[in-house]
Amino acid sequence: MVPFKTSFAILAAFFSLTFLPAIESETLFARETSDRDQLGLKPEKMTHLRFYLHDTVTGQHPTAVAVAQAATTNTSSTSFGVIMVIDDPLTVSPDLNSMLVGRAQGIYVLSSQSELSLAMTMNLVFTEGAYKGSTTLSVLGQNPILKNPRELTIVGGTGVFRFARGYIRLRSHTINMTTKNAIVKYDAYALHY
Ligand SMILES: *[C@@H]1O[C@H](CO)[C@@H](O)[C@H](O)[C@H]1NC(C)=O
Ligand SMILES: *[C@@H]1O[C@H](CO)[C@@H](O)[C@H](O)[C@H]1NC(C)=O
């Protein structure tokens, strides 16, 4: 016969596995959870997204604006020290009038003294189809804009892209050094559930 203490332990283990509440008590701060179904986590998959980012600095409707610069920025050939805020449209083709799939919202900083390079911190906010609503990818990285290809890091996401990680390969489609406007092709590879 199983001793009482052991059978109680088995019973307790059984119940903790069967009835796994999301939060056991109001004062619980953290707990390991192995129940991935509860979070709706399906098997991991990879999504490849391709779109074009339109960074419009000058013209009638700029989507990238300078909010600050260093006193020495004007004498820097790489515009070192400029901080830009962006709300750049993302479209399915290089044509700005093609289908809009989202926007890149965030900040980039001209952060190199030796080349034209942007330290980027932005959210790709998708607005098309199944991605409409709350689907975003959070992106960080160093972007030396005259190099092709170059890479940014996907550090996370929301909605469809919860738990996302991955990278984005960038290629310049057009950069106009006079207007400073650019169209950049983005190939994003995101692992998510
Ligand atoms: C830099 O140059 C721009 C335009 O040439 C001017 O408006 C701005 O005041 C200058 N900034 C500094 C910090 O000198
Ligand atoms: C850059 O833009 C200016 C002004 O719109 C235009 O005249 C020029 O042809 C453009 N340069 C290139 C390389 O597209």
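Counting starts at 1 for both ligands and their atoms, following the listed order.
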Nearest-neighbour protein heavy atom for atom 5 (O) of ligand 2, which is reported as residue plus atom name and distance: Thr179 CG2, 3.9 Å

Atom 2 (O) of ligand 2 sits nearest the protein heavy atom Asn176 ND2, 2.2 Å

Donor-acceptor contacts, no H, no angles, side chain residues 127-136, under 3.5 Å, sequence neighbours left out:
residue	atom	partner	partner atom	Å
Thr127	OG1	Val101	O	3.3
Thr135	OG1	Tyr131	O	3.3
Thr136	OG1	Thr158	OG1	2.6

Right, does atom 7 (O) of ligand 2 have protein non-hydrogen atoms nearer than 4.0 Å? no

My question is simple, although I want it checked carefully: is atom 14 (O) of ligand 2 less than 4.0 angstrom from any protein heavy atom? yes

Parallel, tilted or perpendicular: which one describes the rings of His48 and Tyr189, with boundaries at 30° and 60°? parallel

Between Tyr52 and the options Pro89, Ser98, Pro94, the side chain to side chain contact (heavy atoms under 4.5 Å, CB included) test singles out Pro94

Taking the six-membered ring for Trp, are Phe161 and His192 ring centroids under 6.0 Å apart? yes

